[in-house]
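Everything on this sheet refers to the single structure shown next.
Residues take their numbers from the sequence shown, with the count starting at 1.
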Amino acid sequence: MRFKHPREYFARVAAGAPVQEERTLGRGDLVFEFALNALRLVEGFELPLFVERTGLAPAAIEDRLARAEARGLVAREGERVRPTERGRRFLNDLLELFLPEKRA
């Protein structure tokens, strides 16, 4: 989480406490945060990187990748997943597929 005012941030840095909030990400958050960073890149990512960074198996995103691929938002080439031109143009729609599911 970011500080709203730079003065507050610099005051906290000077006091030795620059972190505003710290929390552990759940499984859904890990998937979304990874997608948010990796799918912005034209070259996308390789599945072993997903495993390395999240600690989750590729099966954790298989259904989302299949939906994205069916909509023409990603292309898979072996273990590489990359956003298509359409996926880059509609990046928000692509990333929405990776949002954590809401629980009532």
Side-chain angles (χ1 to χ4, degrees):
M1 180 176 248
R2 294 184 180 170
F3 290 96
K4 294 185 182 198
H5 301 286
R7 278 191 208 120
E8 183 181 353
Y9 170 73
F10 287 120
R12 298 283 301 264
V13 167
V19 177
Q20 183 174 5
E21 179 183 328
E22 192 172 319
R23 65 184 169 101
T24 302
L25 296 178
R27 178 184 168 127
D29 293 321
L30 281 173
V31 168
F32 178 69
E33 290 292 332
F34 181 85
L36 183 65
N37 289 301
L39 292 173
R40 293 178 193 208
L41 306 173
V42 172
E43 65 272 8
F45 66 94
E46 293 199 11
L47 290 173
L49 182 65
F50 173 79
V51 173
E52 176 186 321
R53 299 287 166 86
T54 65
L56 301 172
I61 58 170
E62 178 55 40
D63 61 328
R64 297 164 192 213
L65 289 176
R67 285 184 293 188
E69 192 171 28
R71 291 176 56 186
L73 299 172
V74 298
R76 294 196 254 189
E77 298 152 356
E79 291 195 321
R80 176 157 303 279
V81 177
R82 63 171 183 75
T84 60
E85 184 177 332
R86 178 186 176 124
R88 290 190 306 275
R89 195 173 327 136
F90 296 100
L91 184 58
N92 286 345
D93 294 333
L94 172 55
L95 293 174
E96 184 177 24
L97 295 172
F98 292 87
L99 280 171
E101 295 180 13
K102 302 284 186 224
R103 298 220 165 107

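In terms of heavy-atom proximity, P83 sits nearest to G44 at CD-CA, 3.9 Å.
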Before giving the answer on side-chain contact (heavy atoms from CB on, under 4.5 Å), spell out for L94 and F90 the whole-Å C-alpha distance, their side-chain angles and the decisive distance to 0.1 Å. CA-CA 6 Å; L94 172 55; F90 296 100; over 6 Å; no
Evaluate side-chain contact (heavy atoms from CB on, under 4.5 Å) for L56 paired with I61, printing each intermediate quantity in order. CA-CA 9 Å; L56 301 172; I61 58 170; over 6 Å; no
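Every residue was checked against the side chain to side chain donor-acceptor pair (under 3.5 Å) condition with R64, not counting sequence neighbours, and none meets it. For F34, the ring-ring contact (aromatic ring centres under 6.0 Å, His included) partners are F45, F50, not counting sequence neighbours.
In this structure, the separation between CG on N37 and CG on L49 is 10.5 Å, given to the nearest 0.5 Å. Annotation: the span from L65 atom CG to F98 atom CZ amounts to 4.5 Å, rounded to 0.5 Å.
Between L36 and F32, some side-chain heavy-atom pair lies under the 4.5 Å cut-off. Contact annotation: the side chain of E96 never approaches that of N92 to less than 4.5 Å [non-hydrogen atoms, C-beta and beyond]. Taking 4.5 Å as the limit, every side-chain heavy atom of L39 sits out of range of all side-chain heavy atoms of L97.
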Please list every donor-acceptor pair under 3.5 Å in which a side-chain atom of residues 69-82 meets a protein atom from a residue at least two apart or in another chain.
from: E69; atom 1: OE1; to: R76; atom 2: NE; distance (Å): 3.2
from: E69; atom 1: OE1; to: R76; atom 2: NH2; distance (Å): 3.1
from: R76; atom 1: NH1; to: E62; atom 2: OE1; distance (Å): 2.9
from: R76; atom 1: NH1; to: E62; atom 2: OE2; distance (Å): 3.2
from: R76; atom 1: NH2; to: E62; atom 2: OE2; distance (Å): 3.2
from: E77; atom 1: OE2; to: R82; atom 2: NE; distance (Å): 3.1
from: E77; atom 1: OE2; to: R82; atom 2: NH2; distance (Å): 3.3
from: R80; atom 1: NH1; to: E43; atom 2: O; distance (Å): 2.6
from: R80; atom 1: NH2; to: E46; atom 2: OE2; distance (Å): 3.0

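L41 and V31 sit in two unconnected hydrophobic clusters of ILVMFWY residues. Membership requires side-chain heavy atoms under 4.5 Å apart, directly or through other members.
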